[in-house]
Protein chains: 2
Amino acid sequence: MSDILDLRRRTFFEGKRRAVVAAGMTGAAPAAFAEEAKALPDYVAWKDAAAMIVHSDKTLETRRGAIGTGSITPADRLYIRNNVNVPDASIVKDRDAWSLEVGGVRQPRAITVGELKTLGVATVASVLQCSGNGRAFSDHKPSGTQWTVGAAGCVLWTGVPLKTVVEAMGGAVDGVKFVTGTGGEEIPAGLDPKDLIVERSVPVEILDTIVLAWARNGEPLPLAHGGPLRMVVPGFAGVNNVKYVKKIALTEVESDAKIQATRYRLYPVGGKATPQDPSVWAMEVKSWITSPLETAKPGRLQNTGVALGGVNALAGVEVSTDGGKTWLKAELLGPDLGRHAWRPFALGVDLAAGKHTLVSRATDNESKVQPENFPPNQSGYSNNGWRVHGVTVDIA
Amino acid sequence: MSDILDLRRRTFFEGKRRAVVAAGMTGAAPAAFAEEAKALPDYVAWKDAAAMIVHSDKTLETRRGAIGTGSITPADRLYIRNNVNVPDASIVKDRDAWSLEVGGVRQPRAITVGELKTLGVATVASVLQCSGNGRAFSDHKPSGTQWTVGAAGCVLWTGVPLKTVVEAMGGAVDGVKFVTGTGGEEIPAGLDPKDLIVERSVPVEILDTIVLAWARNGEPLPLAHGGPLRMVVPGFAGVNNVKYVKKIALTEVESDAKIQATRYRLYPVGGKATPQDPSVWAMEVKSWITSPLETAKPGRLQNTGVALGGVNALAGVEVSTDGGKTWLKAELLGPDLGRHAWRPFALGVDLAAGKHTLVSRATDNESKVQPENFPPNQSGYSNNGWRVHGVTVDIA
């Protein structure tokens with residue numbers, strides 16, 4: 001990490017990148033982190049420019065410092081990752097009219113969001129995290145968006161439990177093994193839908209945790225984040241949380257769409273993906289420091305960050321200020337938002353002048369500890385190694 | 001309430017109010033509720049216009065429908081109530097430089113927000129509610145802003161516990177009975193500061209619950225809501241949560257500022273306030289319906305709302321669809337954000353065609369039940385009577 005930081009700093013000062021510091025940028029987003037400041041795309045012009053790194057029109061990351069100690073991630077700071085173009089805004093004009101086709105149940109039918117709202121309502125907090133979050137820390141430099149830590153956020157989702165919908169339609173048919181959700185993106189004419197369609201299958205065993213969400217953090221779900229309706233799969237990587245979901249089917253087999261069959265799979269560096277490689281499903285225990293990031297004054301300071309249990313509940317988190325030689329238990333902040341939420345943490349320490357490498361290491365409720373290094377895989381998915389997520393801070 | 005609704009409806013249709021429906025207003029904010037649509041004041045131009053009722057430049061209320069089932073209230077929907085003009089935006093330019101004077105401790109001194117951040121960090125959820133929320137339902141028509149239900153929101157505050165600051169300064173001096181916070185508003189020249197200054201005293205017994213907050217829902221606290229630093233007093237009415245706090249003192253006596261001495265007091269209708277009347281401090285158990293509000297289709301629907309225990313924890317909430325004759329226990333939604341948060345609730349019912357009066361009634365953890373009617377007081381403060389908070393819905 002310190003190499004990466006140094007490289008960035010050098011690159012920055014050599015002026016090879018045009019470091020346009022977004023207006024209003026705070027100390028939380030140090031200039032040395034400033035990527036070439038691309039403007040926010042129109043469809044998310046309402047985001048907080050100072051809090052975001054714009055990798056491309058389809059990929060925006062929350063700056064590490066802007067994650068701070070937020071128990072939840074505000075709408076204007078949540079990352080964006082789209083596999084294909086966002087549908088036309090007309091689909092959120094009359095949100096209640098959006099229609100979802102439900103299959104694999106005894107009485108399959110289409111149901112509108114308006115009717116879903118009459119069936120039941122639930123709110124669940126879950127971490128939304130892109131499978132490739134942490135890819136930038138891979139030694140083998142995988143292609144794809146160079147996410148650091150900010151392709152993740154914690155969100156309060158409100159909607160109807162999928163279980164309630166399935167029950168209202170007579171229950172599942174026999175033999176189903178997956179919940180398969182299909183996104184409402186438009187596939188450009190002339191292209192093979194199987195190549196582009198966002199259709200993901202997750203094991204039917206987790207059906208009871210899935211929520212069909214129309215609201216996020218107390219507001220209607222924005223189009224950019226999957227409104228009018230999103231299939232939220234708590235504890236599962238972002239790609240499984242299908243946006244603008246237009247079809248949900250309980251199925252015997254996984255989708256044969258490319259995004260399921262061969263993309264988002266964990267396979268060895270230099271290899272080729274097959275449907276037999278593990279799919280990017282359940283998330284693992286993970287944490288990272290959010291402050292300080294570059295410099296601080298000698299003496300008392302608070303090391304803060306966020307930690308998640310992934311598909312499991314978080315048990316605790318430790319912080320080291322000497323690059324992992326010694327560890328101290330950090331304090332978990334704020335209310336426990338539940339099994340699939342993240343938890344900000346803080347550890348007060350006194351640091352003398354000099355360079356200090358700050359790292360954090362979370363443990364889940366099955367005593368699984370965040371590993372020092374995550375085994376590399378071709379696409380750089382699911383990286384939760386604590387060492388590369390550390391930061392080296394100059395106390396002066 | 002049905003009378004109030006009918007009156008509004010009549011007034012509306014008679015065209016005595018110019019019902020300019022804000023662009024983008026959803027079904028959640030029915031036209032019959034539309035006040036004369038004043039534009040958002042410049043300093044809160046970033047609020048969601050469709051979600052707000054603008055009573056004046058200093059008083060903005062969240063629409064009942066926009067409260068919905070939000071566990072927390074997003075920044076762009078939270079109400080505004082200012083006693084005096086908002087300070088110049090320059091005070092949030094360098095947030096960490098804001099200085100707080102601390103007195104009534106053994107080592108009194110000024111401390112910056114930057115230094116406060118090194119002492120400790122905590123996050124607490126609490127309901128911010130204006131003392132006058134519900135005033136519009138008073139029979140005796142008190143003067144002041146005619147708040148209905150939306151001068152309230154639930155917020156995740158992040159800052160340093162006041163206790164930590166007091167300990168860092170050697171502890172309290174002897175004999176203190178109050179925590180007195182002073183706001184950083186500028187008092188116009190020529191006016192008596194005692195008439196205008198926002199200086200509130202709360203009992204020192206609750207010191208350990210107070211947080212000096214610099215962030216709200218994961219973002220820096222906006223100027224409009226008291227940034228760079230706010231004294232957050234969980235469970236206590238809004239006015240005690242001093243904005244842009246520039247001084248906190250542990251004191252032997254209450255402030256003699258008007259806002260403490262004679263304003264925000266509960267006294268009989270037609271009477272005159274004295275410092276002996278009860279101050280608007282701890283909030284009481286309360287709830288209200290947020291959907292449906294005007295009309296719905298016959299058959300299944302979800303009655304939703306929000307409920308708070310006030311200074312106590314919430315124990316539960318019941319809903320009646322027949323104006324309070326019979327009651328059913330509602331389901332509390334989402335994670336429990338703690339003692340001083342509110343909790344959205346839902347009750348699924350089947351309603352036949354016709355008019356139905358929906359009311360809700362919350363109970364706190366000391367078995368205190370929201371009363372049918374709250375005893376009237378001159379200023380219409382602290383109204384938590386369930387009957388007037390009900391809505392009459394036309395199922396057709």
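As the structure is a prediction and not an experimental result, all values here were calculated from the model. Lettering follows sequence order; numbering is per chain, from 1.
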Looking only at atom types and distance, does a side-chain atom of A:Glu219 sit under 3.5 Å from a main-chain N or O of B:Pro74, one as donor and one as acceptor? no
Under 4.5 Å heavy-atom distance to chain B, tell me which part of A:Leu119 shows up: side chain, backbone, both or neither. backbone
CG on A:Asp76 to CH2 on B:Trp46, rounded to 0.5 Å: 10.0 Å
For A:Lys93, is it the side chain, the backbone, both or neither that has a heavy atom under 4.5 Å from a heavy atom of chain B? neither
Looking at B:Ser71, B:Gly299, B:Gly120, B:Ala215, which one has more heavy-atom pairs under 4.5 Å with chain A than the rest? B:Gly120
Does any backbone or side-chain atom of B:Lys117 lie under 4.5 Å from a heavy atom of chain A? Answer side chain, backbone, both or neither. backbone
With a 4.5 angstrom heavy-atom cut-off, which part of A:Thr73 approaches chain B: side chain, backbone, both or neither? neither
Sort A:Arg77 into side chain, backbone, both or neither according to what part of it lies under 4.5 angstrom from a heavy atom of chain B. side chain
From B:Leu156 CG over to A:Ile72 CD1, what is the distance, rounded to the nearest 0.5 angstrom? 6.0 Å
Please report the closest heavy-atom contact between B:Val121 and A:Gln302, naming both atoms and the distance. CG1-OE1, 4.2 Å
More than 12 heavy atoms of other residues, nucleotides or ligands under 6.0 Å from CG of A:Asp42: yes or no? no
Is there any residue in residues 330-349 of chain B with a non-hydrogen atom under 4.5 Å from a non-hydrogen atom of chain A, and which ones are they? B:Leu333, B:Gly334, B:Pro335, B:Asp336, B:Leu337, B:Ala346
